[in-house]
J.: 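Encoded as structure tokens, here's the structure I'll be asking about.
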Amino acid sequence: MIVRFGFVAMSVLLENASPSRTMTYTNFVKLADREAGLRRLERIAEENLHNTLRLLKHCKYSDIQVYRITSKLIPLATHAEMQDWDPYAPLAASFAEVGAFVRDNGMRVSFHPDHFTVFSTPREEVLRSSHRDLNHHVRMFEMMGLDERATCNIHVGGTYGNKGEAGRRFVRQFGALEPRIRRRMTLENDDKTFTAAETLALAEETGVPMVLDIHHHAVNNPDGERAEALWDRIRDTWGRFGWNGLKPDRPPEELLPPKIHVSTPKSATDPRGHADYVDPGSVLEFLRPIAASTPAIDVMIEAKRKDEALLKLMEDMKAAEAAGLPVRVLDGARVEVSGSVV
DNA sequence: ACCTGTCAAGTCTGG
DNA sequence: CCAGACTTGACAGGT
């Protein structure tokens, strides 16, 4: 099994490279000249895109092929009071440049819209802004010229005291999205509400690939389900992207492997928080049993120390290899894990 | 240079 | 029914 590691949004190693500089609405409305304010927002967005490109080059330098782009590229883009503003046209060249770099280097990028995007909601207003938010994210991918393998990951959402009803509402409201948006979505199990098994059932029902977060599963798993027991079904939700069981049905450059999220609990008192780094043992513990049944997988590292945590994990992988574990380090951000035949 | 309260948005909990 | 927690990077305003 080929494993590619990636990280999220920002670097702790690159200086002055924030991809998510912003301006709050409160400060925007304080400005005397609205037009000048809009130009300033566009300028900030352009800087954010420029730093995103710098981050992608930084990834390339370390062999990192998997990266989550920040959702905060364009400040106030989906704010209800800003709907007469079109930030996309003036940023077209910058988006195209980022997309070209992603394509030219065979990278996998994604977005993770914030928790304000929730399709299980009973509120019409919340549903509308969720739709607006997803449209915004998909539009940015389209401006980058990236195909459907560039995806947006969301959670099912709140339960409102009735999980079954909330789940059905999710299926209905999510299913009503236009295919252009729906086909770019992935669904992740939550650390509080919808468990891995529940999310999987909804992912199957809506035909959406599932991103398994093994940390969320560890802290939200009342039935004591083993993640490996769900894995074959989770893997098969990625069938549309080329993976049906063991046999890829298209050339490697067109495939999109299943993706998981890994992080390590911050502490015993805050088990849901993210630690600075990732425990290599728990990663291998999950990967080894599924290695034989999964040709490739992408692993998103969610750690406070971002890219530094990824690089540290790769050092740990080298040590694991030296210690005789079934891991082979391929380059700066990829390993091969051998399947232990059970 | 450094610290603190605040930020557009949702949902859950506890009072 | 409402305030505060949750979570988190960055800003604004202060020292």
Side-chain angles (χ1 to χ4, degrees), chain A residues 7-31 34 37-38 40-41 43-45 47-48 51-52 55 68-85 87 111-137 152-163 165-167 169-170 173-174 188-195 213 215-216 219-220 222 261 263-267 269-276 301-309:
Chain A
F7 72 100
V8 172
M10 59 172 278
S11 168
V12 300
L13 302 173
L14 273 191
E15 309 254 311
N16 300 316
S18 168
S20 51
R21 275 202 55 211
T22 190
M23 178 194 273
T24 63
Y25 186 67
T26 315
N27 281 300
F28 176 78
V29 292
K30 279 189 211 157
L31 300 173
R34 182 176 165 96
L38 294 177
R40 192 151 141 208
L41 288 172
R43 184 61 200 271
I44 291 172
E47 264 178 55
N48 288 341
N51 281 333
T52 297
L55 284 157
R68 181 194 301 162
I69 303 175
T70 178
S71 284
K72 299 187 173 79
L73 286 178
I74 309 179
L76 306 179
T78 58
H79 192 284
E81 302 299 315
M82 305 291 284
Q83 294 311 294
D84 58 325
W85 171 47
F111 280 124
H112 196 341
D114 241 324
H115 65 279
F116 309 111
T117 293
V118 37
F119 284 90
S120 64
T121 186
R123 297 166 54 196
E124 199 58 38
E125 185 55 39
V126 173
L127 180 61
R128 255 208 308 281
S129 49
S130 297
H131 181 248
R132 186 163 60 208
D133 198 45
L134 284 193
N135 189 44
H136 166 62
H137 283 90
C152 302
N153 182 54
I154 58 167
H155 295 255
V156 179
T159 59
Y160 316 89
N162 185 339
K163 206 182 257 187
E165 192 52 46
R169 208 160 40 230
F170 174 87
Q173 301 186 142
F174 181 87
E188 176 186 351
N189 57 305
D190 196 85
D191 61 350
K192 282 189 181 141
T193 56
F194 288 84
T195 65
D213 187 313
H215 180 192
H216 289 172
V219 297
N220 184 16
H261 290 176
S263 47
T264 294
K266 189 181 176 71
S267 64
T269 50
D270 182 10
R272 293 206 319 272
H274 288 173
D276 288 357
I301 307 242
E302 296 182 325
K304 234 187 175 74
R305 295 300 295 175
K306 311 289 180 190
D307 50 341
E308 188 189 35

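Lettering follows sequence order; numbering is per chain, from 1.
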J.: Would you kindly give the NZ-to-C1' distance between A:Lys306 and C:dA10, to the nearest whole Å?
T.: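 Whole-Å distance recorded here is 13 Å.
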J.: Say we look at B:dG14 and C:dT7: how far apart would their P atoms be, to the nearest angstrom?
T.: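 To the nearest whole Å, 15 Å.
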J.: Just how far, in rounded Å, is C1' of C:dT7 from NZ of A:Lys266?
T.: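 Going from A:Lys266 (NZ) to C:dT7 (C1'), I get 11 Å.
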J.: Taking both distances under 3.5 Å as the test for a Watson-Crick or G-U pair, what stems of at least three pairs does DNA chain C have?
T.: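 Ordered by first number, the stems with DNA chain C (at least 3 consecutive pairs each) read B:1-7 with C:9-15, B:10-15 with C:1-6.
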J.: List in chain and number order the residues that pass salt bridge (charged side-chain N to carboxylate O under 4.0 Å, His left out) with A:Glu308, two or more places apart in sequence or in another chain; answer none if no residue qualifies.
T.: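 So A:Glu308 forms a salt bridge (charged side-chain N to carboxylate O under 4.0 Å, His left out) with A:Arg305.
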J.: Calculate the interatomic distance between A:Arg272 atom CZ and C:dT8 atom C1'; express it in whole Å.
T.: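 Distance, rounded to whole Å: 15 Å.
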J.: State, with a plain yes or no, whether a side-chain heavy atom of A:Glu302 is found less than 4.5 Å away from one of A:Asp213.
T.: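 A side-chain contact under 4.5 Å exists here.
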J.: Taking C:dT8 as the reference, what is the distance to B:dC2 when you measure between their P atoms (whole Å, please)?
T.: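 Those two atoms are separated by 24 Å.
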J.: If you measure from the C1' atom in B:dA8 to the same atom in C:dC1, how many Å do you get, rounded?
T.: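 My reading of the C1' atoms in B:dA8 and C:dC1 gives 23 Å.
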J.: Set out, in order, the CA-CA distance, both residues' side-chain angles and the distance that settles side-chain contact (heavy atoms from CB on, under 4.5 Å) for A:Ile74 and A:Met82, then state yes or no.
T.: CA-CA 12 Å; A:Ile74 309 179; A:Met82 305 291 284; over 6 Å; no
J.: Specify the closest pair of heavy atoms between A:Met10 and A:Leu55, including all atoms of both residues, with the distance to one decimal.
T.: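 In terms of heavy atoms, the two residues are closest at C-CD2, 4.4 Å.
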J.: Would a 4.5 Å heavy-atom cut-off, applied to side chains only, mark A:Ser130 and A:Phe119 as touching?
T.: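 SC-SC contact between A:Ser130 and A:Phe119 confirmed.
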J.: Rounded to whole angstrom units, what separation is found between the NE2 atom of A:His215 and the P atom of C:dT7?
T.: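 Computing the A:His215:NE2 to C:dT7:P distance gives 10 Å.
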J.: For A:His274, what residues pass the ring-ring contact (aromatic ring centres under 6.0 Å, His included) criterion, not counting sequence neighbours?
T.: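 A:His274 satisfies ring-ring contact (aromatic ring centres under 6.0 Å, His included) with A:His215 only.
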J.: Looking at every heavy atom in both A:Thr52 and A:Leu73, which two are closest together, and how far apart are they?
T.: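 That closest heavy-atom pairing would be OG1-CD2, 3.3 Å.
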J.: To check you understand the geometry: which heavy-atom pair defines the closest contact between A:Ile154 and A:Phe170, and what is its length?
T.: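 Shortest heavy-atom contact: CD1-CE1, 4.4 Å.
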J.: With side chains defined as the heavy atoms from C-beta onward, is the minimum distance between A:Val156 and A:Phe174 less than 4.5 Å?
T.: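 The answer is no, as the side chains (C-beta and beyond) never meet within the 4.5 Å cut-off.
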J.: Once you round it to whole Å, what is the distance between P of C:dT8 and CD of A:Glu302?
T.: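 The distance from CD of A:Glu302 to P of C:dT8 comes to 10 Å, rounded to the nearest Å.
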J.: So, do A:Lys72 and A:Asn48 sit near enough that their side-chain heavy atoms are less than 4.5 Å apart?
T.: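 They are not in side-chain contact.
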J.: Give every pair of a protein N or O atom and an N or O atom of nucleotides 3-5 of chain B that lie under 3.5 Å apart, one pair per line with the distance.
T.:
none

J.: Looking only at side chains, do A:Asp190 and A:His155 share a donor and an acceptor under 3.5 Å apart?
T.: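 Short answer, yes.
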J.: Give the residues of residues 11-21 of chain A touching DNA chain C, defined as any heavy atom closer than 4.0 Å, sorted by residue number.
T.: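 DNA chain C contact set from residues 11-21 of chain A: A:Ser18, A:Ser20, A:Arg21.
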J.: Is there a side-chain contact between A:Thr195 and A:Asn189 in this structure, where contact means two heavy atoms from C-beta onward sitting under 4.5 Å apart?
T.: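 A side-chain contact is absent here, since even the closest heavy-atom pair is not under 4.5 Å.
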J.: Taking NE2 from A:His155 and P from C:dC6, how many angstroms apart are they, rounded to a whole number?
T.: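 Going from NE2 in A:His155 over to P in C:dC6 covers 18 Å.
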J.: What interatomic distance, in whole Å, is found between P of B:dG5 and the corresponding atom of C:dG4?
T.: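 Nearest-Å result for C:dG4 against B:dG5 at atom P: 14 Å.
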J.: Start with the C-alpha distance between A:Glu165 and A:Arg169, add both sets of side-chain angles, then the distance that settles side-chain contact (heavy atoms from CB on, under 4.5 Å), and finish with yes or no.
T.: CA-CA 6 Å; A:Glu165 192 52 46; A:Arg169 208 160 40 230; 4.0 Å; yes
J.: What distance, rounded to whole Å, do you find between the two P atoms, one in C:dC6 and one in B:dC3?
T.: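 My reading of the P atoms in C:dC6 and B:dC3 gives 23 Å.
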J.: Can you see which heavy atom on A:Ser120 is nearest to which on A:Gly158, and at what distance?
T.: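 Nearest heavy atoms, A:Ser120 then A:Gly158: OG-O, 2.9 Å.
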J.: Enumerate all atom pairs, one protein N or O and one N or O from nucleotides 8-11 of chain B, separated by less than 3.5 Å.
T.:
from, atom 1, to, atom 2, distance (Å)
B:dA8, OP1, A:Tyr25, N, 2.3
B:dA8, OP1, A:Thr26, N, 2.8
B:dA8, OP1, A:Thr26, OG1, 3.2
B:dA8, OP2, A:Thr26, OG1, 2.2
B:dA8, O4', A:His79, NE2, 3.1
B:dA8, N6, A:Leu76, N, 3.4
B:dA8, N1, A:Thr78, OG1, 3.4
B:dA8, N1, A:His79, N, 3.4
B:dT11, OP1, A:Thr121, OG1, 3.2
B:dT11, OP1, A:Tyr160, OH, 2.4
B:dT11, OP2, A:Arg123, NH1, 3.1

J.: Separation of A:Phe194 atom CZ from B:dC12 atom P, in whole Å?
T.: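 From A:Phe194 CZ to B:dC12 P: 9 Å.
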